[in-house]
Amino acid sequence: MDGEPDLCIGGTWRHASDGGTRYIVNPAHGGIAAVVDEATPEDAAAAVAAARAAFDEGSWRATPVSERAAVLDRVADLLQRDKESLAHLETMDTGKTLVESRIDIDDVTSVFRYYAKLVGAEADRVVDVGDPAVISRVIREPIGVCVLIAPWNYPLLQMSWKVAPALAAGCTMVAKPSEVTPLTTIAFVHLLDEAGVPAGVVNLIQGSGATLGPALTGDPAVDFISFTGGLATGRSIAKTAADNVTKVALELGGKNPHIVFADIGSGVAFDNAVDHVLTGVFLHSGQVCSAGTRLIVEDSLAADFVAALAARAATIRMGDGLDPASETGPLVSEQHRDKVEGYVQLGISEGAKLVTGGARPADPALKDGYFYLPTIFDSCDRSMRIVTEETFGPILTVERFSTEAEAIALGNDTEYGLAAGVRTSDAARGERVVRALRHGTVWLNDFGYYTAAAEWGGFGRSGNGRELGPTGLAEYQEIKHIWHNTAPGAAGWFKG
Ligand code: TXE
């Protein structure tokens, strides 16, 4: 960063082999936040080779689990020691508020703590094969060399969901953060070194996914690819990986329904429901894979509910994430704001009714940043692309229903399946609906929360595989069955 080398290959920090760099922009005002090395495909290939060598010849995979767990705990300690500086970097890079960035660093810390504990408690499974002479064990081994590709909305958080279980399992890896938001991952890899992760175990590459992708995901030396990002990119990575039959886990976002029944109640209950729908879609300006971007609301409640939402949306305070008065920041880049603006124009041309927003903020203090007003479209239906495609911006669409069956059908009518919310005061209905929804996470009378101990991932085209929880560790492990005969005799099949 700014003169310091940003690539880490085989334990050595270095610049790009062709001297290439990239400007990192602070989206709150468009200024240059940093200059970061931009790797070449040759650098990426060198990083994969270094990870391969560290796996095949290094000590990490054979390091006792208790020692690996201790390293993970030290990483957690260092993350807390550097929490303020990491949070500051994350805000400069992504635009999110400092409060959110601090929460992110706490969450990253808890992922390391969780996997330190989980891997330490893992035991081999003993299988009874019906022969007392045979000891049959199912054991877990590290899957090998992992390529970890993260997006820009939760840069360090998403990377930690991959790095922590990969380290816990004993893997080696090449990490590639988004080229838009690399800053916290650079600082983090320095912390891993300080915590005692051996050289070559975590290699760091920076740069454009399109340029580096083939070298990272098409190399037969890679055993596993974990990717979080857009559907089109995930699809292309899966195709490239298929040539080598490389295992791939994909988290590809969502178009998440938030279903609100008219039985939610009035007064505080009504206000709380409005508050959760508002937060669910406009937090981090909608740049959240699980954002509740589709409000599916019961007919009889819809007019009041949408009016209350619009009134609240118009009061959201936008600004530089470093300003404590800001409730939400800008979009991550000019290019991404162009995309969001394109979707708003599309919604209008598709016949959706613009209720609020639909423009950049008028405040002159925000004119150089990539801000966009919280936007609500009413009178939406499933024929509109604004309802079916992930806009990844502060856009809420409103659809209405009159029966529970219709609500469920609408909630499931998406190619994605990452997350959904249900609000009702009827417990039996709540249970019926959460079970009927085909989404990886379903919140009942809440929205947006997750924990390191519970799996995260999607149904349908939201991807495959899971992060977090025990399954998030299992992704980084191979299963080996050891059949040990303690009283060997003849096979006895062929008699002659
Ligand atoms: O993502 P990309 P983009 C969605 C969201 C957004 C859209 C596009 O809808 O508008 O995706 O965003 C790397 N081989 N999500 O273009 O391209 C890239 O460098 C290997 C949802 O920014 O998917 C970055 O590190 N890697 C999402 C990462 O992939 C490649 C979060 C993500 O970038 C590559 C972000 C290639 N060929 C966007 N091409 C979520 N699931 O939360 C790019 N990359």
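Counting starts at 1 for both ligands and their atoms, in listed order. Nothing fancy with the numbering, it's 1 onward along the sequence.
Residue-ligand proximity, Leu252 to ligand 1, at heavy-atom distances under 4.0 Å covers atoms 41 (N). Listed by number with element, the atoms of ligand 1 under 4.0 Å from a non-hydrogen atom of Glu251 are 41 (N). Near Lys176, the atoms of ligand 1 lying under 4.0 angstrom from a non-hydrogen atom of the residue are 18 (C), 19 (O), 25 (O). Each of the atoms 14 (N), 20 (C), 26 (N) of ligand 1 lies under 4.0 Å from some heavy atom of Ile237. Atoms of ligand 1 found under 4.0 Å from any heavy atom of Ala210, numbered from 1 in the order shown, are 34 (C), 39 (N). Near Ser178, meaning under 4.0 Å from one of its heavy atoms, ligand 1 places the atoms 24 (C), 25 (O).
Contacts between Phe227 and ligand 1, counted as non-hydrogen atom pairs separated by less than 4.0 Å, involve the side chain only. Neither the backbone nor the side chain of Leu216 comes within 4.0 Å of ligand 1, counting heavy atoms alone. Neither the backbone nor the side chain of Pro214 has any atom closer than 4.0 Å to an atom of ligand 1 (non-hydrogen atoms only). Neither the backbone nor the side chain of Ala232 comes within contact range of ligand 1; no heavy atom lies under 4.0 Å.
Thr97 and Ser326 are not linked by any side-chain donor-acceptor pair at a separation below 3.5 angstrom, with hydrogens and angles left out of the test. Judged purely by distance below 3.5 Å, without hydrogens or angles, the side chains of Thr40 and Ser17 pair a donor atom with an acceptor atom. Neither side chain, Lys96 nor Thr91, offers a donor N or O lying under 3.5 Å from an acceptor on the other. A side-chain N or O of Asp107 and one of Tyr450 form a donor-acceptor pair less than 3.5 Å apart. With hydrogens and angles left out, the side-chain atoms of Trp456 and Glu251 include a donor and acceptor closer than 3.5 Å. Checking Ser208 against Glu179 by side-chain atom types alone, no donor-acceptor pair falls below 3.5 Å. Glu38 and Thr21 are not linked by any side-chain donor-acceptor pair at a separation below 3.5 angstrom, with hydrogens and angles left out of the test. Side chain to side chain, Glu389 and Tyr343 meet the donor-acceptor criterion of an N or O pair below 3.5 Å. When only modelled atom types and interatomic distance are considered, Gln80 and Asp106 share a side-chain donor-acceptor pair under 3.5 Å. Counted by atom type alone, His29 and Asp368 present zero donor-acceptor pairs between their side chains at under 3.5 Å.
The distance criterion of under 3.5 Å between nitrogen or oxygen atoms is met by Ala150 with respect to ligand 1. For ligand 1, none of its N or O atoms has an N or O atom of Pro151 under 3.5 Å away. Residue contacts with ligand 1: Ser208 is placed with no nitrogen or oxygen under 3.5 Å of a nitrogen or oxygen of the ligand (distance criterion only). On a distance-only criterion, Gln158 and ligand 1 share no N/O pair closer than 3.5 Å. Between Glu390 and ligand 1, at least one pair of N/O atoms sits closer than 3.5 Å.
Using a 4.0 Å cut-off between a side-chain N of Lys or Arg and a carboxylate O of Asp or Glu, Arg61 and Glu141 do not qualify as a salt bridge. The pair Asp223-Lys247 does not meet the salt-bridge criterion, since no charged nitrogen lies less than 4.0 angstrom from a carboxylate oxygen.
In terms of protein heavy-atom proximity, atom 19 (O) of ligand 1 is nearest to Glu179 OE1, 2.5 Å. The protein heavy-atom contact nearest to atom 2 (P) of ligand 1 is Thr233 OG1, 3.5 Å. Looking at atom 6 (C) of ligand 1, its nearest protein heavy atom turns out to be Lys339 NZ, 3.5 Å. Of all protein heavy atoms, the one closest to atom 14 (N) of ligand 1 is Gly213 CA, 3.3 Å. Closest protein heavy atom to atom 30 (C) of ligand 1: Gly209 CA, 3.4 Å. Ranking the protein heavy atoms by distance from atom 3 (P) of ligand 1 puts Trp152 NE1, 3.8 Å first. In terms of protein heavy-atom proximity, atom 13 (C) of ligand 1 is closest to Ile149 CG2, 3.7 Å. Of the protein's non-hydrogen atoms, Gly230 N, 2.8 Å is the one closest to atom 23 (O) of ligand 1.
When Pro182, Gly229, Gly253 are ranked by how near their heavy atoms come to atom 15 (N) of ligand 1, first place goes to Gly229. Proximity annotation for atom 32 (C) of ligand 1: of Asn153, Thr217, Thr228, Thr228 comes nearest, heavy atoms only. Summarising the contacts of atom 40 (C) of ligand 1 with Pro177, Cys289, Ala44, the nearest heavy atom is found in Cys289.
Distance alone, capped at 3.5 Å, is enough to place a donor-acceptor pair between the Thr94 side chain and the Glu90 backbone.
Figure legend: cation-pi geometry between Lys255 and Tyr416 absent, as NZ or CZ is not positioned both under 6.0 Å from the six-membered ring centre and within 45° of its axis.
Between His439 and Asn412, the closest side-chain pair of non-hydrogen atoms falls below 4.5 Å.
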